[in-house]
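Because the structure is a prediction, the values reported are computed rather than measured.
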Amino acid sequence: MPELPEVETIKRSLQESLISKVVSSVDIREKKQFIGDPEKIIGKKVTGLQRKGKILTISLEDSLFLSIHLKLTGQLLYSENASNAIFKNEIPRTGSNKMPVNATRVILYFKDNSALFFNDLRKFGWMKLTKTMEETSAVDVLSKDFTLEYLKQSIGPSRKPIKPLLLEQNKITGIGNIYDNDALWEAKIHPTRKANTLTDDEIESLYNGIKKIINEGIECKGSSAKDEMYILPDSSKGSYQNHFKTYHQNGKPCIRDGTIMERLNQNGRGTFFCPTCQK
């Protein structure tokens with residue numbers, strides 16, 4: 001599933017391509033994945049792109065907002081030439097580098113003959129057209145509101161294990177499984193520790209670890225993991241998978257102390273950790 005660094009990377013990439021483009025038509029190939037009336041955006045200019053958590057929003061004229069959630073297998077691919085959209089790399093699990101493919105669910109065409117292709121193999125993702133931006137009350141980890149004090153207040157009273165607690169999106173949004181594992185390693189905190197047992201110093205280490213790992217993920221343009229479903233709009237791959245600290249590193253030596261890394265399951269998610277340096 002694309003996490004915050006992946007969605008932020010997509011946003012930054014598309015900002016260079018989509019701003020000031022004018023929508024000429026919308027081709028909806030999977031009706032359940034487009035919510036709203038597509039006719040309302042015909043002739044509208046793209047005015048901006050925003051992200052909160054894992055939701056990407058394209059702002060258009062007349063206060064229209066097209067929000068996108070990629071869920072498990074969503075992809076956004078941009079081509080300057082809609083009639084001959086061929087990408088550098090074969091698109092994962094489609095068997096082709098020419099758009100559209102069988103997994104293409106929605107296509108936004110622009111007046112200059114460019115296009116944005118929304119692919120989704122599993123059909124869990126969505127596009128939603130609204131008059132107000134899709135919002136969440138949770139604080140985004142890259143926002144100014146995500147402070148050390150906010151993290152303390154959010155997790156401090158909880159008796160839940162810290163690793164699955166950070167994956168809950170009701171208070172803090174944007175921390176996914178990959179970066180959750182690595183942030184806990186960075187902070188030297190065991191993933192099964194109950195949140196209310198963390199000291200102030202440990203919470204500060206966790207706060208710094210989250211910020212560091214999320215920003216490292218963005219610098220690497222996200223993680224194209226084993227299934228390689230995540231790609232950038234030009235079909236290139238992210239590289240954070242070459243810098244994993246713990247994620248899928250079980251059986252390998254910890255890069256900090258050499259201990260063999262271990263794995264366990266928490267709430268149905270894989271958890272990876274060093275049994276020596278994470279306490």
Side-chain angles (χ1 to χ4, degrees), residues 1-16 18-19 46-60 63-71 74 76 125-158 160 162-187 189 195 198 200-223 230 232-233 238 240 243 245 247:
M1 177 187 294
E3 301 180 12
L4 186 154
E6 288 75 41
V7 180
E8 178 67 19
T9 298
I10 291 169
K11 185 201 83 171
R12 293 181 185 187
S13 175
L14 289 177
Q15 274 179 326
E16 300 174 4
L18 295 188
I19 301 297
V46 175
T47 58
L49 283 91
Q50 298 84 34
R51 178 203 54 76
K52 187 164 186 181
K54 302 173 189 178
I55 297 176
L56 174 67
T57 300
I58 300 173
S59 300
L60 299 118
S63 299
L64 290 169
F65 301 93
L66 184 61
S67 296
I68 305 163
H69 201 310
L70 299 174
K71 294 291 184 177
L76 290 173
W126 46 258
M127 285 184 160
K128 184 186 295 184
L129 180 61
T130 57
K131 290 288 289 183
T132 56
M133 191 180 300
E134 192 78 5
E135 284 286 358
T136 170
S137 59
V139 168
D140 186 288
V141 297
L142 288 186
S143 75
K144 60 180 177 56
D145 296 322
F146 182 63
T147 62
L148 174 58
E149 191 58 37
Y150 183 82
L151 181 63
K152 287 179 181 179
Q153 293 173 357
S154 298
I155 69 173
S158 179
K160 295 179 180 178
I162 185 60
K163 196 268 185 164
L165 179 62
L166 289 174
L167 291 178
E168 296 179 3
Q169 301 292 303
N170 58 334
K171 292 182 179 179
I172 302 169
T173 184
I175 306 174
N177 198 40
I178 292 173
Y179 303 98
D180 188 357
N181 277 284
D182 281 6
L184 287 167
W185 177 88
E186 187 71 34
I189 295 171
L198 299 181
D200 284 349
D201 285 346
E202 287 176 320
I203 295 175
E204 184 173 1
S205 293
L206 178 57
Y207 175 79
N208 291 331
I210 291 169
K211 301 283 278 189
K212 179 180 178 180
I213 293 298
I214 290 290
N215 280 298
E216 186 176 338
I218 294 170
E219 288 171 12
C220 292
K221 298 186 177 181
S223 169
Y230 162 70
L232 277 70
Y240 185 71
H243 304 277
K245 313 311 188 265
Y247 189 70

**Q** To the nearest 0.5 Å, how far apart are CD1 in Ile68 and NZ in Lys128?
**A** 12.5 Å

**Q** Find the distance between CZ (Phe65) and OG1 (Thr132) and round it off to the nearest 0.5 Å.
**A** 7.5 Å

**Q** Working to the nearest 0.5 angstrom, can you tell me the gap between Asp201 CG and Leu206 CG?
**A** 12.5 Å

**Q** At their closest point, which heavy atom of Val139 faces which heavy atom of Asp145, and how far apart are they?
**A** CG1-C, 3.7 Å

**Q** Can you tell me how far the CH2 atom of Trp185 sits from the CG atom of Asn181, to the nearest 0.5 Å?
**A** 12.5 Å

**Q** Say you draw a straight line from CG of Leu166 to CG of Asn177; how long is it, rounded to the nearest 0.5 Å?
**A** 11.0 Å

**Q** Would you say Leu14 and Ile58 make side-chain contact, with heavy atoms under 4.5 Å?
**A** no

**Q** With salt bridge (Lys or Arg N to Asp or Glu O under 4.0 Å) as the rule and sequence neighbours excluded, what pairs involving residues 169-186 come up?
**A** Glu186-Lys212

**Q** Is Leu49 close to Ile19 at the side-chain level, that is, under 4.5 Å between some pair of heavy atoms?
**A** yes

**Q** Per the salt bridge (Lys or Arg N to Asp or Glu O under 4.0 Å) rule, which among Lys52, Arg51, Lys54 passes with Glu8?
**A** Arg51

**Q** With heavy-atom distances below 4.5 Å as the criterion, would you say the side chains of Phe146 and Asp140 are in contact?
**A** no

**Q** Do Ser59 and Gln50 have side-chain atoms, one donor and one acceptor, less than 3.5 Å apart?
**A** yes

**Q** State, with a plain yes or no, whether a side-chain heavy atom of Ile218 is found less than 4.5 Å away from one of Leu4.
**A** yes

